[in-house]
Amino acid sequence: MATLNGYSGTLMDIAKRIGGAQPEFIRALSAAEHGAGFRALPFKPISGWQEPFMRQTARPTVSWRHIGGNVTAYKSDREPWEESIMLLSGFSKVDRLLADADPRGARVYRQEEDSDYLESIGYQLSYGLFYGSSGSDDAQPDGLMQRLPTGGTCTVNAGATDETSSMYAMRLGFKQFHGIYNPSATGGKIIEARDYGATVDETTTAGAGNEVYRTYFNAAVGFAQKHPYSIGRIYKINSSNTPTANDMFSLFSKMEGKPDLFVCSWVTAGYVGSLKSSALHMVPDDYRYDVEVSNVMGIPLTVDVVLSDSESSITL
C-alpha cells in the first residue's frame, strides 16, 4: 500500500518500519484465530488524542439556465468531525518461582504469557471494530454496527426474520475508512510494552503477596470514518436468506461504489459462497486480510472469528 497524504500503510507495514519487537507484537496482536479484521485497515500516525477533520455530507449542486439567464450557486455541505483515540491495556503477571523453574528459562515462560495478552488485545480490538459502543462504554469507540444502524444509510436487508448475521463492507483509504494510532502516547510505537521485572503482587488480604514478573501493554487505537458512505452492511443473513447479486449492487449504490473489503463470519462466508464469481481459497501468511479469504465479485472477503452468527442476540 503506497504512502498517500501522510498514510503509512497497514498495521504490519508500520510495525516493520518501526522495527525492534513491533513486528512480533503485531503478529501476536493480529493472530487470525483470535480475530483480526482491523489489521486490514490503513493506519496512520497522528498527534494528540483526537483527529479532527471536515466531512462532506452533500455535494455542491448546479442548475440549468437559459443563455443570459441567472444561476444560483449552491455550496457543498460539510461538518466538523473528530475521531477519538482509545486505549486498550492489560498486564501479564506470572509467578516468579514458576517462571524461574521452567527448564527453557524464565524469558521463554514470560514470552508465552505475554503473547496471550497481545492476542487478547487483538481480539478486543477486532470486536470493537464491529460491535463497540460508546453508549454502553464511553471508553471504547463506536463500531460498524453502531455507525450503521439497521435500516439506515448503507444497509441492505437480506430478508431473514430470526437471529442472523451480517456482511460488513469497507472502502479503505485517505478519505474513506481507516484505523489510526497515536504515536505521541507510546513514543512512536504501535504497541507499548513495559517490563517491570519482579514485583510484589498485592492481594486483598492485608500484608499478603507474592513475587511476580509483570509486563504492561498499551495499544492506542481509533477508527476514523472520513466519508459517511465508506462503510456498509448487508444484515439479516441466514441459510434461508442469503445475499443476492441484487443485494450486492444495492449496497454498491448506497456506498457510491464497490467496497475494497468484505468481512463476515465463517457461516456467513458459506452462505455467500453460492454467489456467481465467488470462490473460497486460502492465502497463508497474508497479513493484509487474513488467512481465510473468499472472493466475492472480485472483492476480498475476510473471515473474522469475532463476528457473531446471531447478531440480534448481542447487547450493545
Side-chain angles (χ1 to χ4, degrees), residues 10-11 26 29-32 34-44 46 48-53 55 81-90 117-155 163-172 176-182 185-186 190-191 217-235 255 259 261-265 268 289-290 302-316:
T10 65
L11 199 63
I26 298 305
L29 183 78
S30 303
H34 294 89
F38 78 95
R39 72 180 178 185
L41 303 181
F43 268 68
K44 64 173 293 188
I46 66 170
W49 290 96
Q50 293 176 326
E51 185 179 25
F53 53 89
R55 189 160 75 175
W81 203 269
E82 64 184 25
E83 296 284 359
S84 297
I85 296 295
M86 304 295 184
L87 278 174
L88 261 180
S89 303
Y117 270 84
L118 286 169
E119 289 174 355
S120 293
I121 290 176
Y123 187 93
Q124 289 295 330
L125 278 174
S126 198
Y127 188 89
L129 170 62
F130 300 101
Y131 300 129
S133 172
S134 59
S136 60
D137 181 359
D138 61 7
Q140 63 178 314
D142 282 335
L144 300 193
M145 182 178 276
Q146 287 290 330
R147 296 168 188 255
L148 288 171
T150 299
T153 304
C154 292
T155 58
E163 292 189 350
T164 57
S165 59
S166 300
M167 282 180 62
Y168 294 89
M170 307 180 200
R171 296 185 67 187
L172 309 176
Q176 300 297 330
F177 187 83
H178 63 273
I180 50 182
Y181 78 94
N182 175 29
T186 57
I190 300 169
I191 300 296
F217 299 100
N218 274 315
V221 179
F223 308 123
Q225 186 182 359
K226 295 296 188 71
H227 194 285
Y229 302 145
S230 61
I231 56 177
R233 176 178 168 223
I234 299 179
Y235 65 101
M255 295 184 69
L261 179 70
F262 283 120
V263 186
C264 68
S265 68
T268 308
Y289 295 114
D290 215 326
T302 295
V303 171
D304 197 315
V305 297
V306 305
L307 287 171
S308 172
D309 293 315
S310 55
E311 286 184 342
S312 60
S313 66
I314 294 174
T315 301
L316 295 174

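Here, residue 1 is the first one in the sequence, and each next residue gets the next number.
Remark: L148 CG to I234 CD1 distance equals 11.5 Å, nearest 0.5 Å. Atom CG in L125 sits 11.0 Å away from atom CD in Q140 (nearest 0.5 Å). Rounded to the nearest 0.5 Å, atoms CG (D142) and CG (D137) are 10.5 Å apart. Annotation: the span from H178 atom NE2 to L172 atom CG amounts to 10.5 Å, rounded to 0.5 Å. Here CD of Q146 is found 7.0 Å from OG of S136. Values are rounded to the nearest 0.5 Å. In this structure, CD1 in I191 is found 6.5 Å from CG in L118, a value given to the nearest 0.5 Å.
Residue pairs that meet the salt bridge (Lys or Arg N to Asp or Glu O under 4.0 Å) test with at least one member in residues 121-132, sequence neighbours left out, do not exist here.
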Please test R55 against Q225 for side chain to side chain contact (heavy atoms under 4.5 Å, CB included), starting from the C-alpha separation and ending with a verdict.
-> CA-CA 9 Å; R55 189 160 75 175; Q225 186 182 359; 3.8 Å; yes

Show your reasoning for whether side chain to side chain contact (heavy atoms under 4.5 Å, CB included) applies to K226 and E51.
-> CA-CA 10 Å; K226 295 296 188 71; E51 185 179 25; 3.7 Å; yes

Kindly determine whether S165 and S265 satisfy side-chain hydrogen bond (donor to acceptor under 3.5 Å, both in side chains), including the steps that lead there.
-> CA-CA 8 Å; S165 59; S265 68; 4.6 Å; no

Kindly determine whether M170 and L129 satisfy side chain to side chain contact (heavy atoms under 4.5 Å, CB included), including the steps that lead there.
-> CA-CA 12 Å; M170 307 180 200; L129 170 62; 4.1 Å; yes

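Closest non-hydrogen pair, M255 versus S230, comes out as CE-O, 3.6 Å. Scanning both residues, R233 and S166, for their nearest heavy atoms gives NE-OG, 3.0 Å. Looking at every heavy atom in both residues, G48 comes nearest to I85 through O-CG1, 4.4 Å. The shortest heavy-atom contact between A220 and L87 is CB-CD2, 3.7 Å. Taking all atoms of both residues into account, the shortest heavy-atom contact from Y229 to T153 is CE2-CG2, 3.3 Å. The heavy-atom pair separating P141 from M86 by the smallest distance is CD-CG, 3.3 Å.
Contact annotation: the side chain of V221 never approaches that of L88 to less than 4.5 Å [non-hydrogen atoms, C-beta and beyond]. Residues L307 and T268 have side chains not in contact (no heavy-atom distance under 4.5 Å, counting atoms from C-beta outward). When side chains are defined from C-beta on, V263 does not count as touching L144, because their heavy atoms never get closer than 4.5 Å. Looking at heavy atoms from C-beta onward, L41 lies out of side-chain contact with L11 at the 4.5 angstrom threshold.
Although no hydrogens or angles enter the test, the distance criterion places no donor-acceptor pair under 3.5 Å between the side chain of Y181 and the main chain of T186. A distance-only check finds no donor-acceptor pair linking the side chain of N182 to the backbone of W49 [under 3.5 Å].
Using a 4.0 Å cut-off between charged side-chain N and carboxylate O, K44 and E83 make no salt bridge.
Residues forming a salt bridge (Lys or Arg N to Asp or Glu O under 4.0 Å) with R171 (at least two apart in sequence, or on another chain): none.
The aromatic rings of Y127 and Y123 sit parallel, their planes meeting at an angle under 30°, below the 60° perpendicular limit.
Residue Y168 forms a ring-ring contact (aromatic ring centres under 6.0 Å, His included) with just one option from F262, F130, F177, Y235, and that option is F130.
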